[in-house]
Amino acid sequence: MRELLEAVADGSLSPAEAEAELNGYVTGEAGRFDAARQQRRGIPEGIFAAGKTAPQVVALAETALETTDRALITRADDAQIEALESSLLDSFPDATLERWSTTVLVRTADAKQPTLDATVGIVTAGTVDGPVADEAAAVCRDAGVTVDRVDDVGVAALDRLLDQLERLREADVLLVAAGREGALPTVVAGLVDSPVIGVPVSSGYGHAGDGEAALAGMLQSCTILSVVNVDAGFVAGAQATLIARTLDDARS
């Protein structure tokens with residue numbers, strides 16, 4: 001305790017960093033950030049931007065960078081991303097910011113980039129499923145997993161999938177995102193011997209077109225696969241990363 005207080009007093013440790021050391025989380029006006037989740041769970045806390053104001057998202061991202069040297073923001077709109085780009089890079093001029101659709105990953109120069117000896121294949125049925133797959137890919141890349149992305153191989157033209165089959169079979173884990181009736185993960189899982197995580201996407205229309213049909217189809221799959229919630233790219237990426245970390249431990 002005394003060492004923490006002395007570090008805050010001499011400026012080598014910020015109050016937020018000290019609070020994270022003591023409590024595992026930091027409390028601010030925008031909420032509590034779980035700075036210890038990486039150590040406790042193996043996956044850092046993501047900042048879910050939907051429903052938050054741009055200043056709230058920026059405040060949480062600043063806390064994340066100050067305490068963990070990285071911030072992963074999901075479901076961000078253009079206004080929130082613009083605020084992140086302007087505010088964060090002013091506060092942390094050495095930081096790098098990467099954006100994939102509605103997902104943003106920011107790292108300071110002190111962020112340690114891990115490397116895992118594992119490959120996650122991320123597959124989409126169509127281009128419209130891309131933002132959910134982007135979210136999953138960001139989680140995997142941040143953890144040091146090699147990501148092999150295969151897009152637009154939906155079952156409406158099965159040859160597109162079969163052309164990529166050998167490539168898919170080389171992945172240690174496959175994450176397959178599909179909307180409409182959600183058939184692609186079932187087909188993929190019947191052709192490979194690696195774990196498959198199905199991600200239903202709300203990219204359909206009409207009856208059950210909000211992802212409900214895709215979710216039901218994957219839950220009723222006659223091939224073996226795991227299924228996350230509709231549009232849950234972050235969860236799918238985190239689950240794939242935990243599997244990849246177990247494989248990396250075994251290989252090392």
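Of the possible donor and acceptor atoms, one in the side chain of T53 sits under 3.5 Å from a partner among the backbone N and O of Q56. Judged by distance alone, the side chain of Q80 and the main-chain N or O of D77 form a donor-acceptor pair under 3.5 Å. In this structure a side-chain-to-backbone donor-acceptor pair under 3.5 Å is present from S252 to D249. Proximity of a side-chain donor or acceptor of E62 to a complementary backbone N or O of A59 within less than 3.5 Å is not detected. Checked by atom type and distance alone, the side chain of E135 pairs as donor or acceptor with a backbone atom of F234 at under 3.5 Å. The main-chain N or O of A83 is found under 3.5 Å from a side-chain atom of S86 such that the two form a donor-acceptor pair. Judged by distance alone, the side chain of R160 and the main-chain N or O of G154 form a donor-acceptor pair under 3.5 Å.
Under a 4.0 Å N-O distance rule, the pair R245/D117 does not qualify as a salt bridge. Taking 4.0 Å as the cut-off between side-chain N and carboxylate O, D69 and K112 do not count as a salt-bridged pair. For the pair E85 and R99, the salt-bridge criterion is not met [side-chain N within less than 4.0 Å of a carboxylate O]. Salt-bridge annotation for E98 and R107: present, with a side-chain N of the basic residue lying under 4.0 Å from a carboxylate O of the acidic one.
Between Q239 and V228, the closest side-chain pair of non-hydrogen atoms is not below 4.5 Å. Using a 4.5 Å cut-off on side-chain heavy atoms (C-beta onward), V173 and I197 make contact. Considering only heavy atoms from C-beta on, I81 stays 4.5 Å or farther from V57 through its side chain. Residues L72 and I47 fail the side-chain proximity criterion, which asks for heavy atoms closer than 4.5 Å. Put simply, the side chain of Y205 does not reach to within 4.5 Å of the side chain of D210, judged on heavy atoms. Using a 4.5 Å heavy-atom threshold, the side chains of T96 and L105 count as separate. Proximity of T103 to V139: side-chain heavy atoms (C-beta onward) are nowhere separated by under 4.5 Å. By the 4.5 Å heavy-atom criterion applied to side chains, I73 and F48 are not counted as neighbours.
Residue pairs meeting the side-chain hydrogen bond (donor to acceptor under 3.5 Å, both in side chains) criterion with at least one member in residues 162-174, sequence neighbours excluded, are D148-R167, Q164-R167, E166-R169, D172-R251. Here side-chain hydrogen bond (donor to acceptor under 3.5 Å, both in side chains) pairs that include residues 186-203, with residues two or more places apart or in two chains, are D129-S203, T186-S221, S202-D231.
Taken together through direct or relayed side-chain contacts under 4.5 Å among Ile, Leu, Val, Met, Phe, Trp and Tyr, V128 and L161 form parts of separate hydrophobic clusters. Cluster annotation: I122 and W100 are assigned to distinct hydrophobic clusters (Ile/Leu/Val/Met/Phe/Trp/Tyr, side-chain heavy-atom contacts under 4.5 Å, transitive). I243 and L174 fall into different hydrophobic clusters, where Ile, Leu, Val, Met, Phe, Trp and Tyr are joined by side-chain heavy atoms under 4.5 Å apart, directly or via other members. Both V230 and L184 belong to a common hydrophobic cluster when Ile, Leu, Val, Met, Phe, Trp and Tyr are linked at side-chain heavy-atom distances under 4.5 angstrom. Each of L191 and V120 belongs to its own hydrophobic cluster when Ile, Leu, Val, Met, Phe, Trp and Tyr are linked at side-chain heavy-atom distances under 4.5 angstrom.
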Apply the test side chain to side chain contact (heavy atoms under 4.5 Å, CB included) to residues V104 and L97: give CA-CA distance (whole Å), side-chain angles for both, the deciding distance (0.1 Å), then the verdict. CA-CA 7 Å; V104 176; L97 185 149; 3.7 Å; yes
Evaluate the salt bridge (Lys or Arg N to Asp or Glu O under 4.0 Å) criterion for residues D110 and R70: first the C-alpha distance (whole Å), next the side-chain angles of each, then the deciding distance (0.1 Å), finally the verdict. CA-CA 9 Å; D110 294 328; R70 60 189 2 93; over 6 Å; no
Begin with the C-alpha distance, continue with both residues' side-chain angles, and end with the deciding distance and a verdict on salt bridge (Lys or Arg N to Asp or Glu O under 4.0 Å) for R149 and D151. CA-CA 6 Å; R149 185 75 174 260; D151 288 313; 2.9 Å; yes
Check the pair V176 / V196 against side chain to side chain contact (heavy atoms under 4.5 Å, CB included), numbers first and verdict last. CA-CA 7 Å; V176 186; V196 175; 4.0 Å; yes
Between V199 and M218, does a side chain to side chain contact (heavy atoms under 4.5 Å, CB included) hold up when you go through it step by step? CA-CA 8 Å; V199 188; M218 293 181 202; 5.8 Å; no
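Open room surrounds CD on Q220; 12 or fewer heavy atoms of other groups in view lie less than 6.0 Å from it.
Taking every heavy atom of both residues into account, L215 and P200 meet most closely at N-CB, 3.6 Å. Scanning all heavy atoms of the two residues, the minimum distance from G237 to L175 falls at N-CD1, 3.7 Å.
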